[in-house]
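Input: a single structure, listed below in structure tokens.
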Amino acid sequence: MESVYNKPVLTFYRERQDKPERETFAVVKAKKLSVSKSENAQLSGTIQDFFPLMGDVDCISSAEGKVDRYVVCWFDDAEPDMDKSFRRLTGVTFPNGLSCAENERGKKTYNSSFKANHGILK
């Protein structure tokens with residue numbers, strides 16, 4: 001099963017079990033978010049062509065950031081009932097970090113693949 005979200009705004013939190021963080025460390029706008037669930041209920045996906053609206057996402061590519069876990073949240077615009085449109089992935093890791101491309105004006109665009117432990121996709 002694969003879920004695809006076009007042009008989502010994603011909110012990133014660091015996952016902390018003992019003291020959950022309530023402060024967003026980054027907000028990004030993506031061209032496309034794809035999440036697939038394998039037969040053994042493992043979640044994986046890609047975030048394509050995203051750029052930060054707020055915060056710094058470069059820390060995800062650091063040595064500590066690659067092993068850290070994140071919570072990623074967004075709203076599903078295709079869901080007509082706003083009360084049911086909240087989506088979330090927990091235990092998100094970026095084992096390969098982020099790949100970055102910079103255009104001639106200096107704007108950075110990122111791409112990444114991820115794995116997640118749990119997700120609310122419907």
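Reckoned from all heavy atoms, side chains included, excluding hydrogens, waters and symmetry mates. Computed from a predicted model, the values in this text were never measured in an experiment.
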Side chains of residues 115-122: which donor-acceptor pairs under 3.5 Å do they make with residues two or more places apart or in other chains?
none

Enter the distance from I47:CD1 to S112:OG here, rounded to the nearest 0.5 Å.
6.0 Å
Quick one: side chain to side chain contact (heavy atoms under 4.5 Å, CB included) partners of K29, sequence neighbours excluded?
K7, V9, F51, L53
Side chains of F25 and I60: closer than 4.5 Å at any heavy-atom pair?
yes
From CA spacing to verdict: side chain to side chain contact (heavy atoms under 4.5 Å, CB included), V57, L98:
CA-CA 9 Å; V57 294; L98 307 177; 4.1 Å; yes
With a 4.5 Å limit on heavy-atom distance, are the side chains of Q42 and S36 in contact?
no
Flag the pair V92 / R69 as yes when at least one side-chain heavy-atom distance between them is below 4.5 Å, and no otherwise.
no
Does a side-chain heavy-atom distance below 4.5 Å link T24 with M54?
yes
Just list the side-chain donor-acceptor pairs under 3.5 Å for residues 100-107, sequence neighbours left out, or say none.
| residue | atom | partner | partner atom | Å |
| --- | --- | --- | --- | --- |
| N103 | OD1 | R105 | N | 3.0 |
| N103 | OD1 | G106 | N | 3.0 |
| N103 | OD1 | K107 | N | 2.9 |

Which residue pairs satisfy the side chain to side chain donor-acceptor pair (under 3.5 Å) criterion with at least one member in residues 70-84, sequence neighbours excluded?
D76-R87
Among residues at least two apart in sequence or on other chains, which ones pass salt bridge (Lys or Arg N to Asp or Glu O under 4.0 Å) with D68?
R16
Interatomic distance, L10 atom CG to L89 atom CG [nearest 0.5 angstrom]
9.0 Å
Between T46 and F114, which heavy-atom pair has the shortest distance, and what is it?
N-CE2, 3.5 Å
Contacts of V4 meeting side chain to side chain contact (heavy atoms under 4.5 Å, CB included) (sequence neighbours excluded), chain-then-number -> E2, N6, K32, S34
I'd like to check the side chain to side chain contact (heavy atoms under 4.5 Å, CB included) partners of T109; sequence neighbours left out, ordered by chain and number.
D49
If you compare all heavy atoms of G55 against all heavy atoms of P52, which two are closest, and at what distance to 0.1 Å?
O-CB, 3.9 Å
Apply salt bridge (Lys or Arg N to Asp or Glu O under 4.0 Å) to K108 and list each qualifying residue two or more places apart in sequence or on a separate chain.
D58
Test log, rule side chain to side chain contact (heavy atoms under 4.5 Å, CB included), inputs F12 and V71:
CA-CA 6 Å; F12 286 75; V71 176; over 6 Å; no
Full working for side chain to side chain contact (heavy atoms under 4.5 Å, CB included) between S113 and Q48:
CA-CA 9 Å; S113 59; Q48 296 176 0; over 6 Å; no
Are any of the side-chain heavy atoms of Y13 and C73 separated by less than 4.5 Å?
yes
